[in-house]
Amino acid sequence: WGLWVSSRMFVTESDSLFFNYSAGKGIVYYIFDLPNQSLAYDNTTKTHSVQFAHGIIVGFEHYWTDHLRSNFIAGLSQVNNARFLKNYAAGRQNMPYDFVSTDSIGTYQTDVSFVNHRIQHFIVNLIYKPTASLEFGVEYNHAKRTTINGQQGVGKRFQISCIYRF
């Protein structure tokens, strides 16, 4: 099962607030930054667990001019990891397990200590659209990741994009 609610509210003629909330079992494909975690499979006991996850994104889109806009976005994604994954991860590093996802192809061998539990994002961008079919953009993304066994890390990404629509 799954739930997806989203909305956009214009605060001026062009500027808007927006949000998206998703929650459910086996739906991480639709939740920002939680790929491959819909279904966990324990190869030892031959059992599986469909995992519950939820995520929220809140943002503000501001038009500086008719051709220049920015987005300011905050997001949180979290998965309630299967109990057997938590048991494997408790105090362990490099504990291999089989991982199967309903939203990707194949089975992956990986280290259970790297399974995501929570990801927080803060994103800001600047997009220039000189014509209806051409966009140039720059974006900065600051993310904090917490794994299933409590390890934390920070990721910082800067990207440049160009989109041409035919």
Side-chain angles (χ1 to χ4, degrees), residues 1-40 49-82 85-86 89 99-105 108 110 113-166:
W1 66 270
L3 169 72
W4 185 337
V5 178
S6 65
S7 184
R8 178 177 294 264
M9 180 179 72
F10 284 90
V11 293
T12 68
E13 189 176 308
S14 57
D15 298 346
S16 61
L17 293 167
F18 58 91
F19 87 96
N20 176 309
Y21 177 76
S22 305
K25 286 189 123 185
I27 67 160
V28 297
Y29 178 80
Y30 301 101
I31 298 176
F32 188 64
D33 247 356
L34 290 178
N36 305 326
Q37 289 189 238
S38 288
L39 178 71
S49 176
V50 178
Q51 301 184 112
F52 176 84
H54 62 101
I56 186 166
I57 294 173
V58 178
F60 177 69
E61 182 176 54
H62 174 69
Y63 277 81
W64 304 99
T65 69
D66 288 344
H67 300 283
L68 190 65
R69 72 180 188 275
S70 290
N71 289 281
F72 306 91
I73 303 167
L76 171 69
S77 302
Q78 182 171 319
V79 62
N80 294 348
N81 303 104
L85 290 179
K86 291 177 187 177
F99 182 77
V100 179
S101 172
T102 58
D103 49 35
S104 65
I105 300 171
Y108 297 88
T110 189
S113 65
F114 291 111
V115 172
N116 291 329
H117 173 63
R118 178 181 300 122
I119 297 178
Q120 298 166 282
H121 280 277
F122 301 97
I123 301 167
V124 61
N125 62 30
L126 184 65
I127 300 168
Y128 175 61
K129 188 173 183 176
T131 68
S133 57
L134 182 63
E135 286 186 1
F136 299 99
V138 294
E139 180 174 279
Y140 176 73
N141 183 338
H142 181 93
K144 180 180 177 185
R145 174 183 178 219
T146 305
T147 64
I148 191 172
N149 64 357
Q151 295 180 65
Q152 293 185 349
V154 173
K156 300 171 187 176
R157 180 179 67 202
F158 179 78
Q159 71 180 34
I160 298 172
S161 66
C162 177
I163 299 172
Y164 184 79
R165 292 178 180 84
F166 294 93

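Looking at every heavy atom in both residues, Phe60 comes nearest to Leu17 through CD1-CD2, 3.6 Å. A pairwise comparison of heavy atoms in Phe18 and Glu61 identifies CE2-N, 4.0 Å as the closest pair. The nearest pair of heavy atoms linking Arg8 to Ser16 is NH1-OG, 2.6 Å. For Tyr63 against Asp15, the heavy-atom pair with the smallest separation is N-OD1, 2.8 Å. Of all non-hydrogen atoms in Trp1 and Ala23, the two that sit nearest each other are CZ3-O, 3.9 Å. Residues Asn71 and Arg69 come closest through the heavy atom pair ND2-NE, 4.4 Å.
Here the side chain of Ser70 pairs a donor or acceptor atom with the backbone of Asn125 at under 3.5 angstrom. Under the 3.5 Å distance criterion, the side-chain polar atoms of His54 are left unmatched by any main-chain donor or acceptor of Ser22. Side chain of His117 to main chain of Gln78: no donor-acceptor pair is present (N/O by atom type, distance under 3.5 Å, no hydrogens or angles).
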Assess the residue pair Tyr128 and Val138 against the criterion (side-chain contact (heavy atoms from CB on, under 4.5 Å)); give the C-alpha distance rounded to whole Å, side-chain angles, the decisive distance to 0.1 Å, and a yes or no. CA-CA 9 Å; Tyr128 175 61; Val138 294; over 6 Å; no
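Between His142 and Phe122, the ring planes are tilted. Angles from 30° to 60° get that label.
Rounded to the nearest 0.5 angstrom, Gln159 CD and Glu139 CD are separated by 4.5 Å. Separating the CD1 atom in Ile163 from the CD1 atom in Ile127 is a distance of 7.5 Å, to the nearest 0.5 Å. The CD atom of Gln152 sits 4.0 Å away from the OG1 atom of Thr146 when rounded to the nearest 0.5 Å. The CG atom of Leu76 sits 11.0 Å away from the NZ atom of Lys144 when rounded to the nearest 0.5 Å. The OH atom of Tyr21 sits 13.5 Å away from atom OG of Ser6, with the distance rounded to the nearest 0.5 Å.
For the pair Cys162 and Leu134, the minimum side-chain heavy-atom distance is below 4.5 Å. Two residues are said to be in side-chain contact when any heavy atoms from C-beta on lie closer than 4.5 Å; Glu135 and Arg165 meet this criterion. For the pair Phe166/Ser133, no side-chain contact is recorded, criterion being any heavy-atom separation below 4.5 Å from C-beta on.
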